[in-house]
Amino acid sequence: MNTLLVILMLLSFVIFVYYILHNGNMTIGFLVMAAVWTIIGFAGGQLNHAVITNATTGKVVNVTGLTAIITNLKTIFNDKIVAYGGTIVAIVFGSWFGRTLVESGIAASISNAVAKFGEKKKMLTATLVVAVTALIFLSAYGVGSVVAVGVILLPVLLNIGIPRPIALTAFTVSVGAPLYLNTVQFNQFKAFFPQANFADPKYIKFGFIAMVIQLIFVILFLFINKRKYTDQQISENREFLTTKEIDASETPNVSKIAWFIPLVPVALSMIFKMESVAALLIAIILAALVTGQAKSWKKFVDFLDGTAQRGVKDISGLITFLLILMTFQGVAGVNADLFTPIFRNIIPQHNLLLLVVGLGILAPLALMRGPLMAYGAGAATVAVLSSLNILPDSVLLPLISVASIFAISTDITQSWNVWGMDYLDVKSGQFLKHGVPLMWGVTFINQFVVWIVFH
């Protein structure tokens, strides 16, 4: 009986993957999956037993029958969503901070400073663009922030003769690299692995090494293609840029001290072990203070209110998706007893090295919202993997984040990558041709970094 139910669950998973790969709505897809797996779990008797804690006495009680069914349904469709509220708050504050970096002029000031190096020092300019992008997205997040920075930095790369597909790949991979240490991105991964802790010294060590490796690969990628940065390419790129509405406004008058603001949340978390919301709130206020956005009370209030509203708008769809995702995680946990025996025979138990090798080889399965992308079909894979308890959350989170950042950096379904391809008129095949080999190498090495740091 259990084998039949597992087959039905896997069949529904395959249908779900097909649905996602054909541009299905992930939020609705996961809601339907949660309902289907709940029905399957009910048929298998998984909802007929539960453990509850008496709110008055604190005594743990095993319950069965109707009480257990109601308890499990409450866990799946209510408690899991409510419990995730704290993480949603952290994501909201992170997006708010991203907006303050853009609208205060900090991002534009840093970016325009890089542009001054010009075509005489091509590799230095390109390397600085990579570094500045990484600096900004240590804290900034969301398609709005990527677009705001991209319209400034991508023309810099084009003006030194870098072909559009190469420039776009270098930019998007540079956006992806610092996401290991971006608190907004971390809290999204934490939805799957709630026991993981951003302040864990091992995670900080891993995140820093993984980021540096990815940035080194970007710079090597740019250097390998250096012969393509010709005067003719510069002329072609400049002709192309005439078709774009490039913002020709003056560089914002921002103090160079403000350039360090993107580092504030990460530094407060790493050095003072401060929780992400408090660190982000401090950084938001500092950004307003050092950029003249608090010269008057009204200006200060308008700035905070406006950036907060636009920051929330940037991630409104993401918030809904993550909350619905919690229902699927809940039902995967309830049904864990059904598929655990089968998956334990397939997935290497407590053997981190084998898991690292496997995820490194299979990394391209994260593309197209596939089964290794946490924010696609892979959310189901990750939920199942988490429920098996084969490794602690502190290890599983970096394993999955490496595969997912592969996709975030070079997948043609990632929102800001789609914008970049449209903005620079880069075909999807050109983008994948450059990005996939680059990120596959990065991913394979970074999976081994997980093993080195956590084994």
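These values consider heavy atoms only, across backbone and side chains, with no hydrogens, waters or symmetry-generated copies.
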Cut-off 3.5 Å, side chains only: do R238 and N159 have a donor facing an acceptor?
yes
Parallel, tilted or perpendicular: which describes the rings of W451 and F448, with under 30° parallel and over 60° perpendicular?
perpendicular
Measure the shortest side-chain to side-chain distance between Y180 and I209 over non-hydrogen atoms and say whether it is less than 4.5 angstrom.
no
Side chains of M421 and S428: does their closest heavy-atom pair fall under 4.5 Å?
yes
Chi angles and distances behind the side-chain contact (heavy atoms from CB on, under 4.5 Å) call for V130, F171
CA-CA 7 Å; V130 169; F171 176 70; over 6 Å; no
For the side chain of N187 and the backbone of T183, is there at least one donor-acceptor N/O pair under 3.5 Å apart?
yes
Smallest heavy-atom separation, S394 atom then F454 atom, equals O-CE2, 3.5 Å
Within a strict 4.5 Å, meaning less than it, do heavy atoms of the F221 and T169 side chains meet?
yes
Rounded to the nearest 0.5 Å, what's the gap from OG1 on T327 to CH2 on W37? Could you check?
11.5 Å
Mind listing the closest non-hydrogen atom pair of L438 and V218 along with its distance?
CD1-N, 4.5 Å
Taken in chain and number order and not counting sequence neighbours, the residues that satisfy salt bridge (Lys or Arg N to Asp or Glu O under 4.0 Å) with D200 are none
Looking only at non-hydrogen atoms, find the nearest pair between Y19 and G29 and report the distance.
CE2-CA, 3.9 Å
Not counting sequence neighbours, which residues clear salt bridge (Lys or Arg N to Asp or Glu O under 4.0 Å) with D393? List them please.
none
Find out whether R164 and D425 are in side-chain contact, i.e. whether some heavy atom of one side chain is under 4.5 Å from a heavy atom of the other.
yes
Would you say K190 has more than 12 foreign heavy atoms packed within less than 6.0 Å of its NZ?
yes
Less than 4.5 Å apart, side chain to side chain, heavy atoms only: is that true for L359 and V402?
no
Separation between NZ (K226) and CE (M123), nearest 0.5 Å, reads 6.5 Å
Classify the ring geometry between Y203 and F198 as parallel (under 30°), tilted (30 to 60°) or perpendicular (over 60°).
tilted
Is it the case that the side chains of K228 and N225 hold a donor-acceptor pair, with the cut-off being a distance below 3.5 Å and no angle test?
yes
Reported CD1-to-OG1 distance for the pair I261 and T291, which is rounded to 0.5 angstrom:
8.0 Å
In terms of heavy-atom contacts, G176 and S409 come closest through CA-OG, 3.5 Å
Quickly, which of L367, L365, D411, I408 forms a side chain to side chain contact (heavy atoms under 4.5 Å, CB included) with M373? Name it, please.
I408
Modelled atom types, side-chain donor and acceptor of T443 and Q214, under 3.5 Å
no
Shortest non-hydrogen pair, F137 vs L179, comes out as O-CD2, 4.0 Å
Counting C-beta onward and ignoring hydrogens, is there a side-chain heavy-atom pair between F406 and V442 closer than 4.5 Å?
no
Counting C-beta onward and ignoring hydrogens, is there a side-chain heavy-atom pair between Q233 and P163 closer than 4.5 Å?
yes
Give a yes or no on this: more than 12 heavy atoms of other residues, nucleotides or ligands lie within 6.0 Å of atom CZ of F300.
yes
Heavy-atom donor-acceptor pair, T410 side chain to A407 backbone, under 3.5 Å:
no
Ignoring hydrogens and geometry, is there a side-chain-to-backbone donor-acceptor pair from S404 to A374 under 3.5 Å?
yes
Ring-plane angle category for W419 and Y423, please: parallel below 30°, perpendicular beyond 60°, tilted otherwise.
parallel
Rounded distance [0.5 Å steps], OG1 in T100 versus CD1 in I285:
10.5 Å
For residues L215 and S174, report the shortest heavy-atom separation together with the two atoms involved.
CD2-CA, 4.3 Å
Using modelled atom types only, decide if a donor and an acceptor are shared between the side chain of S235 and the backbone of D231 within a distance under 3.5 Å.
yes
Any chance you could measure L304, atom CG, to K299, atom NZ, to the nearest 0.5 Å?
12.0 Å
If only atom types and distance count, is the side chain of N182 paired as donor or acceptor with the main-chain N or O of Q185 below 3.5 Å?
yes
Is there a side-chain contact between M33 and S12 (heavy atoms, below 4.5 Å)?
yes
Does a side chain donor of either S109 or W259 reach within less than 3.5 Å of an acceptor in the other side chain?
yes
Just one of I234, I160, L222 clears the side chain to side chain contact (heavy atoms under 4.5 Å, CB included) bar with Y229, so which one?
L222
